[in-house]
Asker: 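Provided herewith is a single structure, encoded as structure tokens, for subsequent inquiry.
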Number of protein chains: 2
Amino acid sequence: MAKSGAGQIRYTTYRKSRQRKRAADVAGRTAAPAGLNLAALDGLAGFFVRMIQLRMFQRFHARFGKTGLNPGAFCALVAIAANPGVRAGALGDALLIKRPNMTKLADSLERQGLIRRLPSDLDRRSVELRLTEAGRARVAATMPQVLAYEEATLAPLSLHERRILLGLLGKLNDGLAARTAGDG
Amino acid sequence: MAKSGAGQIRYTTYRKSRQRKRAADVAGRTAAPAGLNLAALDGLAGFFVRMIQLRMFQRFHARFGKTGLNPGAFCALVAIAANPGVRAGALGDALLIKRPNMTKLADSLERQGLIRRLPSDLDRRSVELRLTEAGRARVAATMPQVLAYEEATLAPLSLHERRILLGLLGKLNDGLAARTAGDG
DNA sequence: TATTGTTATACTCTATAACTATA
DNA sequence: TATAGTTATAGAGTATAACAATA
């Protein structure tokens, strides 16, 4: 699989003993696991978000790849479950998926028998998305597994820290969404 | 540009008045900006990390795209600056970039005159990466701009919240890195 | 004319396999 | 035999433009 990349970190000794100092060391972080001095990147949320996203998606794929569900497809299913009859465009706006790509995602989910596409009565240009019975069953079966996977993924943090992190991520996401909607 | 996607959220009225309740509402989050009920995804850090990463990269590209620097290239430059002579493979391990892709990234940075590749004396299979003078100038000029961009991006959070978030992200990233290094 | 969804397509990022040169 | 870097290539994921149906 993807074992050749992050799987075998070399622990090179370029600067292995140089501990990273950072103002954000509020939660008892330990030293850097790799042998590089990345202190200059430690103040950048964008760097961490990218790294964590890569690591989490890799873990998600290792855990759920065989079911054919990737994170985006799972989120779409959950969003459709909570918003039956949502238009494809509205779902794409909410999940930051462009219309052509949403069409492909809906194609895939429909081919798997997880959703149905129905033309809207009010606006016959629109397509309403609904889960099939199989889709509901899939969400019901997968959701607890995803929650358990999330718990395991966030294990480096205490329960209290996870709650704080989720709250801050949600607030940041809301703020960024509002700003993006504001300008262009 | 990318105005058709997230730029024009429709504010559809599928469930617009249904406020999201969540246990993680520690920091005064306001209601959902879009018209969809995404409460079921609010407990998933993976969902937020993905959304925030997309929004931050979009902003980064809008701000620095004209300079030819993407987030990955910038991080690589900063990492090389802090670790002069780092091997290409070690840098890729630290930044989760696979070897063939690291070669392409190094090609690009070298073509731009920002780095040099020098065969190692100790192990002549290895290639040591160092910034050129132009590379050092680029990092020196770009770093404060990136820090300012980060400040603006994190504006939805208070200064205290930003520090907490950075600490938690760093701790989570370290923990995930250690675990990934542990198994395979 | 503007919008929804679709199609076709291109571009970026990432992943795999095979090759070289060293070790 | 194993490793570092490279090359070629394939695969996701994501982007733009043009089209038909509808408003």
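As a basis for the values below, the full set of heavy atoms in this structure was taken, side chains included, without hydrogen atoms, waters or symmetry mates. To find a chain, count down the sequence lines: A is the first, B the second, and so on, and within it residues start at 1.
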Asker: Given that both pair distances must be under 3.5 Å and the pair must be Watson-Crick or G-U, what runs of three or more consecutive pairs involve DNA chain C?
Answerer: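 Stems (3+ consecutive pairs) listed as C:1-23 with D:1-23.
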
Asker: So, are B/E151 and B/R162 salt-bridged, with charged N and O less than 4.0 Å apart?
Answerer: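 So B/E151 pairs with B/R162 through a salt bridge.
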
Asker: What pairs of nitrogen or oxygen atoms, one from the protein and one from nucleotides 12-14 of chain C, lie under 3.5 Å apart?
Answerer:
residue, atom, partner, partner atom, Å
C/dC13, OP1, B/N70, ND2, 3.2
C/dT14, O4, B/K104, NZ, 2.9

Asker: Working to the nearest 0.5 angstrom, can you tell me the gap between A/L154 CG and B/K171 NZ?
Answerer: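 Here the rounded value is 12.0 Å.
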
Asker: Rounded to the nearest angstrom, tell me the gap between atom CG in A/L95 and atom C1' in D/dT14.
Answerer: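 Rounding to the nearest Å, CG of A/L95 and C1' of D/dT14 are 15 Å apart.
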
Asker: How many whole angstroms separate atom NE2 of A/H61 from atom C1' of D/dA12?
Answerer: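 About 10 Å, once rounded to whole Å.
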
Asker: Taking protein heavy atoms under 4.0 Å as touching, what does nucleotides 18-23 of chain C look like 5' to 3' if B marks base contact, S marks sugar-phosphate-only contact and - marks none?
Answerer: ---BBS

Asker: Who are the side-chain contact (heavy atoms from CB on, under 4.5 Å) partners of A/L118, not counting sequence neighbours?
Answerer: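 Here the qualifying residues are A/R130.
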
Asker: Nearest whole Å is fine: how far is D/dG13 P from B/Q58 CD?
Answerer: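 Going from B/Q58 (CD) to D/dG13 (P), I get 19 Å.
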
Asker: Quick check: closest heavy atoms across B/G113 and B/T132, and the distance to 0.1 Å?
Answerer: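 Closest approach of B/G113 to B/T132, heavy atoms only: O-OG1, 2.5 Å.
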
Asker: If you assign each of A/D107 and A/S126 to its closest nucleotide in DNA chain C, which residue comes earlier from the 5' end?
Answerer: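 The 5'-side residue here is A/S126.
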
Asker: For A/L129 and A/A88, which heavy atoms make the closest approach, and how far apart are they?
Answerer: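 Looking at all heavy atoms of both residues, the shortest contact is CD1-CA, 4.0 Å.
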
Asker: Could you pull out the closest heavy-atom pair between A/C75 and B/F47, with the gap in Å?
Answerer: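 Reported closest heavy-atom pair: SG-CD1, 3.6 Å.
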
Asker: Just how far, in rounded Å, is C1' of D/dG5 from CG of B/L105?
Answerer: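 Interatomic distance, CG of B/L105 to C1' of D/dG5: 14 Å.
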
Asker: What residues, two or more places apart in sequence or in another chain, satisfy side-chain contact (heavy atoms from CB on, under 4.5 Å) together with B/L131?
Answerer: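 So B/L131 forms a side-chain contact (heavy atoms from CB on, under 4.5 Å) with B/L77, B/I80, B/A81, B/I115, B/R136, B/V139.
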
Asker: Just verifying a value: how many Å separate B/F57 CZ and B/H61 NE2, rounded to the nearest 0.5 Å?
Answerer: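 Atom-to-atom, B/F57:CZ and B/H61:NE2 are 11.5 Å apart.
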
Asker: Looking at A/R99, I'd like to know whether one of its side-chain N or O atoms comes within less than 4.0 Å of OP1 or OP2 on C/dT4.
Answerer: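 It does, given that an N or O in the side chain of A/R99 lies less than 4.0 Å from OP1 or OP2 of C/dT4.
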
Asker: Return the minimal non-hydrogen interatomic distance between B/L157 and A/L172, and the atom names on each side.
Answerer: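 Taking B/L157 first and A/L172 second, the nearest heavy atoms are CD2-N, 4.1 Å.
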
Asker: What I want to find out is whether A/R117 reaches A/E110 closely enough, with some N-O distance under 4.0 Å, to be called a salt bridge.
Answerer: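 Yes, A/R117 and A/E110 are salt-bridged.
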
Asker: Could you state the CZ-P distance from B/R87 to D/dT6, rounded to the nearest angstrom?
Answerer: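 It works out to 12 Å between those atoms.
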
Asker: For A/E110 and C/dG5, give me the distance from atom CD to atom C1', rounded to whole Å.
Answerer: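 Spelled out: CD on A/E110 to C1' on C/dG5 is 13 Å.
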
Asker: Check side-chain contact (heavy atoms from CB on, under 4.5 Å) between B/T142 and all other residues, then give those that pass, not counting sequence neighbours.
Answerer: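 For B/T142 the side-chain contact (heavy atoms from CB on, under 4.5 Å) partners, ignoring immediate neighbours, are B/F64, B/L69, B/F74, B/R138, B/V146.
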
